[in-house]
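Shown next, in C-alpha coordinates, is the structure this report addresses.
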Amino acid sequence: MPELPEVEVVRRGLERWVSGRIVSGVQVLHPRAVRRHVAGPADFADRLVGRRFGAAHRRGKYLWLPLESPSGNDGPAAPEGTSLLAHLGMSGQLLLQQGESRDETHLRIRIRFDDDRVPVSGETEGTELRFVDQRTFGGLSLHDHAPGQPDGLPDAIAHIARDPLDPDFDEAAFHAALRRRRTTVKRALLDQSLISGVGNIYADEALWRSRLHYDRPTATLTRALCAALLVHVRDVMTAALAAGGTSFDSLYVNVNGESGYFERSLDAYGREGEPCRRCGTAMRRRPWMNRSSYYCPRCQRTPRR
DNA sequence: ACGTCGACCTGTGGGC
DNA sequence: TGCCCACAGGTCGACG
(Lines give C-alpha, C1' and ligand atoms only; values in the text may rest on other atoms or scores of the structure.)
Protein backbone atom coordinates (compact mmCIF):
# COMPACT_ATOMS: atom_id res chain seq x y z
CA MET A 1 0.00 0.00 0.00
CA PRO A 2 1.80 2.64 -1.55
CA GLU A 3 2.58 6.09 -0.54
CA LEU A 4 3.50 7.77 2.71
CA PRO A 5 0.01 8.45 4.11
CA GLU A 6 -1.14 4.89 3.52
CA VAL A 7 2.06 3.49 5.02
CA GLU A 8 1.72 5.77 8.04
CA VAL A 9 -1.80 4.44 8.59
CA VAL A 10 -0.28 0.96 8.73
CA ARG A 11 2.53 2.10 11.04
CA ARG A 12 0.03 3.41 13.54
CA GLY A 13 -1.79 0.10 13.43
CA LEU A 14 1.43 -1.81 14.04
CA GLU A 15 2.34 0.49 16.91
CA ARG A 16 -0.97 -0.17 18.56
CA TRP A 17 -1.48 -3.84 17.83
CA VAL A 18 1.95 -5.37 17.30
CA SER A 19 4.59 -3.45 19.29
CA GLY A 20 5.43 -5.23 22.54
CA ARG A 21 4.23 -8.63 21.39
CA ILE A 22 6.36 -11.77 21.25
CA VAL A 23 6.66 -13.93 18.14
CA SER A 24 5.85 -17.59 18.65
CA GLY A 25 5.91 -18.80 15.09
CA VAL A 26 6.66 -17.72 11.55
CA GLN A 27 5.49 -19.28 8.33
CA VAL A 28 6.84 -18.11 4.97
CA LEU A 29 4.37 -19.24 2.33
CA HIS A 30 6.05 -17.56 -0.64
CA PRO A 31 9.86 -17.22 -0.79
CA ARG A 32 9.66 -14.10 -2.95
CA ALA A 33 8.11 -12.23 -0.02
CA VAL A 34 11.42 -12.52 1.88
CA ARG A 35 13.78 -12.11 -1.09
CA ARG A 36 15.47 -9.13 0.56
CA HIS A 37 16.38 -11.43 3.44
CA VAL A 38 19.53 -12.83 1.87
CA ALA A 39 19.95 -15.75 4.28
CA GLY A 40 16.63 -17.21 3.16
CA PRO A 41 13.17 -18.06 4.52
CA ALA A 42 14.29 -20.54 7.19
CA ASP A 43 16.79 -18.08 8.66
CA PHE A 44 14.16 -15.35 8.57
CA ALA A 45 11.76 -17.47 10.59
CA ASP A 46 14.38 -18.79 13.03
CA ARG A 47 15.68 -15.37 13.91
CA LEU A 48 12.22 -13.93 14.50
CA VAL A 49 10.79 -16.58 16.80
CA GLY A 50 11.05 -15.71 20.48
CA ARG A 51 11.72 -12.01 19.88
CA ARG A 52 9.60 -9.09 21.02
CA PHE A 53 8.68 -6.26 18.65
CA GLY A 54 9.68 -2.74 19.67
CA ALA A 55 8.16 0.54 18.51
CA ALA A 56 6.97 0.87 14.90
CA HIS A 57 8.94 3.29 12.74
CA ARG A 58 8.61 4.60 9.21
CA ARG A 59 10.78 6.41 6.71
CA GLY A 60 9.07 7.24 3.44
CA LYS A 61 7.29 4.06 2.38
CA TYR A 62 9.39 1.72 4.54
CA LEU A 63 8.30 0.39 7.91
CA TRP A 64 10.40 -1.31 10.56
CA LEU A 65 10.19 -2.70 14.07
CA PRO A 66 13.34 -3.26 16.14
CA LEU A 67 13.58 -6.70 17.75
CA GLU A 68 13.99 -6.87 21.51
CA SER A 69 14.80 -9.79 23.76
CA PRO A 70 11.60 -11.18 25.30
CA SER A 71 12.49 -10.31 28.89
CA GLY A 72 12.56 -6.86 27.68
CA ASN A 73 14.75 -4.00 28.78
CA ASP A 74 16.74 -3.46 25.62
CA GLY A 75 15.79 0.19 25.72
CA PRO A 76 14.71 2.00 22.59
CA ALA A 77 16.31 0.25 19.60
CA ALA A 78 19.77 -0.78 20.79
CA PRO A 79 22.53 0.60 18.53
CA GLU A 80 23.63 -2.91 17.70
CA GLY A 81 20.65 -4.97 16.86
CA THR A 82 18.19 -6.18 14.30
CA SER A 83 14.96 -4.80 12.89
CA LEU A 84 12.15 -6.32 10.89
CA LEU A 85 11.84 -4.27 7.70
CA ALA A 86 8.63 -4.13 5.68
CA HIS A 87 7.81 -2.66 2.31
CA LEU A 88 4.31 -3.00 0.90
CA GLY A 89 5.33 -2.61 -2.74
CA MET A 90 2.31 -2.05 -4.96
CA SER A 91 -0.17 -4.35 -3.28
CA GLY A 92 1.12 -5.43 0.13
CA GLN A 93 -1.01 -5.47 3.26
CA LEU A 94 -0.17 -6.09 6.90
CA LEU A 95 -3.25 -7.44 8.64
CA LEU A 96 -4.01 -8.44 12.22
CA GLN A 97 -6.11 -11.57 12.07
CA GLN A 98 -7.48 -14.29 14.28
CA GLY A 99 -5.52 -17.51 13.79
CA GLU A 100 -8.65 -19.42 12.97
CA SER A 101 -9.75 -17.06 10.20
CA ARG A 102 -9.36 -18.36 6.67
CA ASP A 103 -6.09 -17.72 4.82
CA GLU A 104 -6.22 -14.86 2.31
CA THR A 105 -5.66 -15.84 -1.34
CA HIS A 106 -2.35 -14.02 -1.45
CA LEU A 107 -1.14 -14.71 2.07
CA ARG A 108 2.68 -14.74 1.91
CA ILE A 109 3.90 -14.64 5.52
CA ARG A 110 2.25 -15.47 8.85
CA ILE A 111 3.69 -14.25 12.15
CA ARG A 112 2.03 -15.74 15.24
CA PHE A 113 2.02 -14.25 18.71
CA ASP A 114 2.10 -16.35 21.85
CA ASP A 115 0.64 -13.79 24.20
CA ASP A 116 -2.98 -13.16 24.91
CA ARG A 117 -3.28 -9.47 25.52
CA VAL A 118 -6.38 -8.05 27.10
CA PRO A 119 -8.41 -6.56 24.27
CA VAL A 120 -8.48 -2.77 24.31
CA SER A 121 -11.94 -1.21 24.50
CA GLY A 122 -13.68 -4.45 23.74
CA GLU A 123 -12.10 -4.95 20.32
CA THR A 124 -10.96 -8.37 19.25
CA GLU A 125 -7.23 -8.86 19.41
CA GLY A 126 -5.72 -10.58 16.39
CA THR A 127 -3.47 -13.48 17.23
CA GLU A 128 -1.32 -13.17 14.12
CA LEU A 129 0.16 -10.62 11.78
CA ARG A 130 -0.26 -11.53 8.13
CA PHE A 131 1.61 -10.18 5.15
CA VAL A 132 -0.71 -10.42 2.15
CA ASP A 133 0.57 -9.33 -1.25
CA GLN A 134 -1.00 -10.00 -4.62
CA ARG A 135 1.86 -8.83 -6.85
CA THR A 136 4.75 -9.74 -4.56
CA PHE A 137 6.62 -6.49 -5.13
CA GLY A 138 6.66 -5.98 -1.37
CA GLY A 139 8.28 -8.04 1.33
CA LEU A 140 9.68 -8.51 4.83
CA SER A 141 13.32 -8.96 5.84
CA LEU A 142 15.66 -8.70 8.82
CA HIS A 143 18.57 -6.27 8.86
CA ASP A 144 21.26 -4.97 11.19
CA HIS A 145 20.84 -1.46 12.48
CA ALA A 146 22.64 1.16 10.42
CA PRO A 147 25.52 2.59 12.46
CA GLY A 148 24.98 6.11 13.75
CA GLN A 149 21.30 6.18 12.79
CA PRO A 150 18.39 6.49 15.22
CA ASP A 151 15.50 4.14 16.03
CA GLY A 152 17.19 0.99 14.73
CA LEU A 153 17.03 2.12 11.11
CA PRO A 154 17.83 -0.97 8.99
CA ASP A 155 21.12 -0.68 7.10
CA ALA A 156 19.33 -1.77 3.92
CA ILE A 157 17.45 1.54 3.77
CA ALA A 158 20.20 3.90 4.91
CA HIS A 159 20.18 5.37 1.38
CA ILE A 160 16.51 6.38 1.63
CA ALA A 161 16.11 10.11 2.21
CA ARG A 162 14.09 11.48 5.09
CA ASP A 163 10.50 12.15 4.17
CA PRO A 164 8.78 15.56 4.12
CA LEU A 165 6.90 14.88 7.36
CA ASP A 166 10.15 14.13 9.19
CA PRO A 167 11.12 17.15 11.37
CA ASP A 168 14.74 16.58 10.31
CA PHE A 169 13.98 16.75 6.59
CA ASP A 170 16.64 19.07 5.14
CA GLU A 171 14.85 21.52 2.88
CA ALA A 172 17.99 23.46 1.95
CA ALA A 173 19.76 20.27 0.92
CA PHE A 174 16.72 19.20 -1.11
CA HIS A 175 16.67 22.47 -2.99
CA ALA A 176 20.41 22.32 -3.59
CA ALA A 177 20.03 18.81 -5.01
CA LEU A 178 17.25 19.98 -7.35
CA ARG A 179 19.43 22.76 -8.68
CA ARG A 180 22.39 20.47 -9.15
CA ARG A 181 20.53 17.68 -10.93
CA ARG A 182 19.75 17.54 -14.59
CA THR A 183 16.29 16.03 -14.35
CA THR A 184 12.62 16.97 -14.17
CA VAL A 185 10.52 17.78 -11.17
CA LYS A 186 8.29 14.71 -11.06
CA ARG A 187 11.23 12.37 -11.49
CA ALA A 188 12.89 14.13 -8.57
CA LEU A 189 9.78 13.83 -6.39
CA LEU A 190 9.73 10.08 -7.03
CA ASP A 191 13.46 9.68 -6.33
CA GLN A 192 13.49 8.15 -2.87
CA SER A 193 17.11 9.12 -2.32
CA LEU A 194 16.19 12.82 -2.62
CA ILE A 195 12.84 12.84 -0.82
CA SER A 196 11.00 9.73 0.30
CA GLY A 197 7.37 8.78 0.63
CA VAL A 198 6.10 10.51 -2.51
CA GLY A 199 4.62 8.25 -5.18
CA ASN A 200 2.67 8.75 -8.38
CA ILE A 201 -0.57 9.93 -6.78
CA TYR A 202 0.79 12.50 -4.37
CA ALA A 203 3.38 13.72 -6.87
CA ASP A 204 0.57 14.62 -9.29
CA GLU A 205 -1.48 16.15 -6.49
CA ALA A 206 1.38 18.32 -5.18
CA LEU A 207 2.34 19.43 -8.71
CA TRP A 208 -1.25 20.41 -9.46
CA ARG A 209 -1.44 22.42 -6.24
CA SER A 210 1.88 24.05 -7.14
CA ARG A 211 0.81 24.74 -10.76
CA LEU A 212 3.96 23.01 -11.92
CA HIS A 213 4.20 20.80 -15.02
CA TYR A 214 5.68 17.37 -14.35
CA ASP A 215 8.38 17.88 -16.99
CA ARG A 216 9.68 21.12 -15.55
CA PRO A 217 13.48 20.93 -15.22
CA THR A 218 14.46 20.97 -11.56
CA ALA A 219 17.35 23.34 -12.27
CA THR A 220 14.79 26.09 -12.96
CA LEU A 221 13.13 25.81 -9.55
CA THR A 222 13.82 28.80 -7.36
CA ARG A 223 14.07 28.47 -3.63
CA ALA A 224 10.57 29.93 -3.30
CA LEU A 225 9.07 27.49 -5.81
CA CYS A 226 10.78 24.59 -4.11
CA ALA A 227 9.50 25.75 -0.73
CA ALA A 228 5.96 26.09 -2.08
CA LEU A 229 6.15 22.63 -3.63
CA LEU A 230 7.17 21.13 -0.30
CA VAL A 231 4.32 22.92 1.47
CA HIS A 232 1.90 21.33 -1.00
CA VAL A 233 3.49 17.90 -0.64
CA ARG A 234 3.09 18.13 3.13
CA ASP A 235 -0.43 19.55 2.95
CA VAL A 236 -1.79 16.89 0.63
CA MET A 237 -0.17 14.08 2.59
CA THR A 238 -1.39 15.42 5.91
CA ALA A 239 -4.92 15.73 4.55
CA ALA A 240 -4.77 12.21 3.11
CA LEU A 241 -3.53 10.87 6.42
CA ALA A 242 -6.42 12.52 8.25
CA ALA A 243 -8.78 10.71 5.87
CA GLY A 244 -7.12 7.38 6.52
CA GLY A 245 -5.28 7.35 3.17
CA THR A 246 -6.31 6.91 -0.44
CA SER A 247 -7.77 3.71 -1.80
CA PHE A 248 -9.43 2.86 -5.05
CA ASP A 249 -10.23 -0.67 -4.00
CA SER A 250 -9.88 -3.10 -1.12
CA LEU A 251 -6.17 -3.58 -1.85
CA TYR A 252 -5.23 -0.59 0.28
CA VAL A 253 -6.29 -1.03 3.85
CA ASN A 254 -5.12 -0.53 7.41
CA VAL A 255 -4.17 -3.41 9.71
CA ASN A 256 -7.85 -3.98 10.41
CA GLY A 257 -8.71 -4.24 6.72
CA GLU A 258 -10.43 -0.83 6.47
CA SER A 259 -9.98 1.59 3.54
CA GLY A 260 -9.36 5.33 3.70
CA TYR A 261 -11.52 7.80 1.85
CA PHE A 262 -9.11 10.41 0.47
CA GLU A 263 -9.83 9.32 -3.10
CA ARG A 264 -12.81 11.65 -3.22
CA SER A 265 -10.50 14.56 -2.38
CA LEU A 266 -8.04 14.01 -5.23
CA ASP A 267 -7.70 17.01 -7.54
CA ALA A 268 -5.53 15.54 -10.28
CA TYR A 269 -4.87 11.82 -10.10
CA GLY A 270 -7.36 9.74 -12.06
CA ARG A 271 -9.33 12.79 -13.25
CA GLU A 272 -8.68 12.57 -17.01
CA GLY A 273 -11.34 14.50 -18.92
CA GLU A 274 -12.88 15.96 -15.77
CA PRO A 275 -12.81 19.73 -15.18
CA CYS A 276 -9.87 21.23 -13.33
CA ARG A 277 -11.16 22.28 -9.92
CA ARG A 278 -9.40 25.64 -10.35
CA CYS A 279 -10.09 26.68 -13.95
CA GLY A 280 -12.53 24.16 -15.39
CA THR A 281 -10.25 23.01 -18.21
CA ALA A 282 -10.42 19.28 -18.97
CA MET A 283 -7.68 17.45 -17.09
CA ARG A 284 -5.28 15.36 -19.13
CA ARG A 285 -3.52 12.07 -18.72
CA ARG A 286 -0.18 11.42 -20.37
CA PRO A 287 1.79 8.17 -20.46
CA TRP A 288 4.89 8.78 -18.40
CA MET A 289 7.59 6.34 -17.34
CA ASN A 290 5.39 3.27 -17.87
CA ARG A 291 2.64 4.88 -15.81
CA SER A 292 0.51 8.03 -16.03
CA SER A 293 0.71 11.70 -15.21
CA TYR A 294 -2.45 13.72 -14.65
CA TYR A 295 -2.35 17.49 -14.98
CA CYS A 296 -4.26 20.59 -16.03
CA PRO A 297 -3.00 21.84 -19.40
CA ARG A 298 -3.90 25.40 -18.48
CA CYS A 299 -2.75 25.69 -14.87
CA GLN A 300 0.33 23.54 -15.40
CA ARG A 301 1.92 24.82 -18.58
CA THR A 302 4.36 22.70 -20.52
CA PRO A 303 7.83 24.08 -19.91
CA ARG A 304 9.48 25.57 -22.97
CA ARG A 305 12.35 23.51 -24.19
C1' DA B 1 28.85 9.48 -11.04
C1' DC B 2 24.54 10.26 -12.89
C1' DG B 3 20.24 9.54 -15.48
C1' DT B 4 17.07 6.41 -17.90
C1' DC B 5 14.80 2.15 -18.90
C1' DG B 6 13.15 -2.40 -18.36
C1' DA B 7 12.21 -6.26 -15.32
C1' DC B 8 9.91 -8.13 -11.61
C1' DC B 9 4.46 -10.11 -10.52
C1' DT B 10 -0.82 -10.84 -10.60
C1' DG B 11 -5.19 -9.18 -11.52
C1' DT B 12 -8.82 -6.34 -13.62
C1' DG B 13 -11.37 -3.86 -16.97
C1' DG B 14 -12.24 -2.19 -21.58
C1' DG B 15 -12.45 -2.96 -26.51
C1' DC B 16 -13.26 -6.01 -30.19
C1' DT C 1 -18.44 -15.17 -24.00
C1' DG C 2 -13.63 -14.99 -24.63
C1' DC C 3 -9.30 -13.10 -25.85
C1' DC C 4 -5.84 -9.61 -25.76
C1' DC C 5 -3.96 -5.50 -24.44
C1' DA C 6 -3.32 -1.60 -21.38
C1' DC C 7 -2.84 -0.42 -16.96
C1' DA C 8 -2.21 -0.50 -11.68
C1' DG C 9 -0.31 3.35 -5.97
C1' DG C 10 7.20 0.74 -6.41
C1' DT C 11 11.99 -0.36 -6.50
C1' DC C 12 16.20 -1.92 -8.16
C1' DG C 13 19.92 -3.06 -11.15
C1' DA C 14 21.87 -2.85 -15.73
C1' DC C 15 23.31 0.02 -19.13
C1' DG C 16 24.68 4.28 -21.64
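Chain identifiers are assigned alphabetically (A, B, ...) following the order of the sequence lines, protein sequences preceding nucleic acid strands; residue numbering begins at 1 within each chain. Owing to the predicted nature of the structure, the values given are computational and were not obtained by experimental measurement.
Distance, A:Asp191 CG to C:dT11 P: 10 Å, rounded to whole Å. Taking atom CD on A:Glu104 and atom P on B:dT10, their separation rounds to 18 Å, with Å as the unit. A straight line from CH2 of A:Trp288 to C1' of B:dC5 spans 12 Å, rounded to a whole angstrom. Atom OH in A:Tyr252 sits roughly 12 Å away from atom C1' in B:dT12 (whole-Å rounding). For the pair A:Asn290 CG and C:dC7 C1', the interatomic distance rounds to 10 Å; values are reported in whole Å.
Taking atom P on both C:dC5 and B:dA7, the two are 16 Å apart, rounded to the nearest angstrom. Comparing the same atom, P, in B:dG6 and in C:dA6 gives a spacing of 14 Å after rounding to whole Å.
A cation-pi arrangement is present between A:Arg278 and A:Trp208 under the rule of less than 6.0 angstrom and at most 45 degrees off the ring axis.
Ring stacking is absent between A:Phe137 and C:dT11, as the pair misses the limits of under 5.5 Å between centres and under 30 degrees between planes.
For the residue pair A:Arg32 and A:Thr136, a side-chain donor N or O sits within less than 3.5 Å of a side-chain acceptor on the partner.
Checking A:Tyr269 against A:Ile157, the closest nucleotide of DNA chain C that is more toward the 5' end is the one next to A:Tyr269.
Side-chain atoms of A:Arg291 stay outside donor-acceptor range of the base of C:dA8, with no qualifying N/O pair under 3.5 Å.
Taking the charged nitrogens against the carboxylate oxygens, A:Asp43 and A:Arg47 do have a contact shorter than 4.0 Å, which makes a salt bridge.
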